[in-house]
Amino acid sequence: MASKIAARIVEAAKAHTRRVDKYIGYGTAGFRTKADLLDHVMFRVGVVSALRSKMVKASIGVMITASHNPEEDNGVKLVDPLGEMLEPAWEVLATEIANLPDDKLSESIVSLIEKSNIDLSTRSSVIVGRDTRQSSPALCQAVIDGIKAVEEDSEIADFGIISTPILHYLVVCTNDGGKYGDPTVDGYVAKLSRAFRTLIGEDNKRGNYEPTLIIDGANGVGAVISEKLIKALDKTLAVNLVNVGPPGILNHDCGADYVKVQQREPLNVSSDCGARCASLDGDADRLIYLYFDEAGMFHMLDGDKIALLFAEHFNDLLKKSQLNLKLGMVQTAYANGSSTNYATKVLNVPVTCTPTGVKFLHHAAQEFDIGVYFEANGHGTTLFSENAVKTIKDAASSGGNAAAQELAGFLNVINSTVGDAISDLLGVEAILHSKGWSIKEWDTMYQDLPNRLLKVSVADRNLVTTTDAERRVVTPEGLQERMDIIVAKFKDGRSFVRPSGTEDVVRVYAEADTQEHADELGKEVAAAVSELCSGNCKL
Ligand code: 16G
Ligand code: ZN
């Protein structure tokens, strides 16, 4: 049976031969490179997804996207049955299969089926989604060809253009029989918008909160989903949607990554507007807020500020509702030192630090009853344990506990399956409304420490290895000692370096009491990395 399937796959693979030698690895965000190198990878990912579905006897997700990368790139990642990132052992298997020469495909598939004890009689079920890139439809077809090569009769739910978080949501809802929500895009929009409208209640204006918002759709799928959402919100929130797609170019001078990295406003958001703007990235799983103050100064509120807003509000609601649930936060080393201080010293909320990458944060957040996790780049969500869901719902339904009822509303606004810009945006708006806060009041919760991000090109970025959630260097030998000496020269100095998981560079982060000092610290550390890894520094 295994060899029969392998023969079918080899036959179908003739339409998706491997025409490029380049090794393509399954990185932190799946396979990602120039779109024209990906046809054979997509076909093989289709094969792997169908086999994985048979093995776990559940629906698997496949998302075709390169997130915030430029239009000419593309990528693909697999989503496991509970909505989480693909199991690491299968990342290895997927990478192996994606990079095999065509004539080695057959034996490798047979060995995978046999070693993993895959029950071939189980019908494969795969949920597929794609972002708005021009290359996505053809690459999606390659994935579908791969799934069908394993089993012509596979169950394939092709949802077309959807955001990455919607794909995660669909996988969860499909596998839990609709408990988390209705497994359709309309079901997703209805769930979130209904919960938001319930939280806002009759009066959408409160204190200094104005129910008007600019959404920067990054010319991607976020704009498509926002349009559906705007309709469903029915004026509870007045949205001015900009960067809605062609002729605007995906992620070009707009989107969450652009705003975060360039520290400036996206295209079509003018500096004198004085309003709140929420920037989404190309697949709508990252969110960054921004505004201009009266003096025309740009201000950015990144993942850390969003996390602290959630943490503060949930902390508050837990106290008011007198529910005994453990609230915690998860950050990475990139989190601004001020945000960590605010959480631990002002809010008394414990903070776990993990390596970069959603899967690490998500996993660590499961240790709490209510776990708020965010990367500074704007990717994050809140997880509620089973115990938390039950406790909150029970308290809310017994009546008279307004804080518990508000928490129950957040259970439905938040997409806990993965970081979701649209859901986070509704969460932020509901909190600002609840507090009667302007964006400025949110922004002044704490003051970010000045910081600088640099990258260094080196001969081999994997020379750099780290420990302690990327906060200390193990190799090259002597680098950490050098960094310790440099950091000690700066007031409030902190710096760490790590090899990027998505680019061929070593990243340097530096933080200090003034911007000048952060810049200086970053430069000195980058020079040390360059020297010890024989590379060249570049901004
Ligand atoms: C990927 C990760 C993101 C991380 C980024 C770091 C996922 C789904 N995405 O985009 O969490 O922040 O990589 O990139 O895990 P870097 O390794 O190049 O710094
Ligand atoms: Zn993204």
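Counting convention: from 1, in listed order, for ligands and their atoms alike.
When every heavy atom of Phe314 is checked against every heavy atom of Ile414, the shortest pair comes out as CZ-CD1, 3.7 Å. Contact record, Ile127 with Leu170: CD1-O, 3.8 Å, taken as the closest heavy-atom pair. Of all heavy-atom pairs between Arg133 and Pro70, the closest is NH1-O, 2.7 Å. Shortest non-hydrogen contact noted between Lys77 and Asp285 is NZ-OD2, 4.3 Å. When all heavy atoms of Asp281 and Ala256 are compared, the pair lying nearest together is N-CB, 3.8 Å.
Close approach of ligand 1 to Arg498 is summarised as follows: ligand atoms under 4.0 Å from at least one heavy atom of the residue are 16 (P), 17 (O), 19 (O). Annotation for ligand 1: atoms under 4.0 Å from non-hydrogen atoms of Arg286 are 10 (O).
Aromatic rings of His379 and Phe374 (six-membered ring for Trp) have centroids beyond the 6.0 Å cut-off, not under it. For Phe410 and Phe384, the ring centers are positioned 6.0 Å apart or more.
In terms of polar-atom proximity, defined here as any N/O pair under 3.5 Å, Arg507 does make such a contact with ligand 1. At under 3.5 Å, not a single nitrogen or oxygen of Glu503, backbone or side chain, sits near a nitrogen or oxygen of ligand 1. Note: an N/O pair closer than 3.5 Å links Thr28 and ligand 1 by distance alone. Residue Asn377 has at least one nitrogen or oxygen atom sitting less than 3.5 Å from a nitrogen or oxygen atom of ligand 1, judged on distance alone. Polar contact check, Met85 against ligand 1: no nitrogen or oxygen pair lies under 3.5 Å apart. By the 3.5 Å distance cut-off applied to N or O atoms, Gly501 is counted among the residues near ligand 1.
Side-chain contact between Leu241 and Glu227: present, with at least one pair of heavy atoms (C-beta onward) separated by less than 4.5 Å.
Inside a sphere of radius 2.8 Å centred on the Zn ion (ligand 2), the protein N/O/S atoms present are Ser67 OG, Asp281 OD2, Asp283 OD1, Asp285 OD1.
Not a single heavy atom of His379 lies less than 4.0 angstrom from ligand 1. Residue contacts with ligand 1 leave out Lys359, since none of its heavy atoms falls under 4.0 Å from the ligand.
Environment of NZ in Lys228: sparse, with no more than 12 heavy atoms of neighbouring residues, nucleotides or ligands closer than 6.0 Å. The neighbour count for Gln262 CD, taken as heavy atoms of other residues, nucleotides or ligands under 6.0 Å away, is above 12.
For Asp420 and Tyr188, the side-chain atoms include at least one donor-acceptor pair closer than 3.5 Å.
The closest protein non-hydrogen atom to atom 8 (C) of ligand 1 is Val358 CG2, 3.6 Å. In terms of protein heavy atoms, atom 11 (O) of ligand 1 is closest to Glu375 OE1, 2.5 Å.
Test Phe310, Tyr289, Tyr291 against Trp442 for ring-ring contact (aromatic ring centres under 6.0 Å, His included) and you get one pass: Tyr289.
Contacts of Thr356 with ligand 1, taken as heavy-atom pairs under 4.0 Å, involve the side chain alone.
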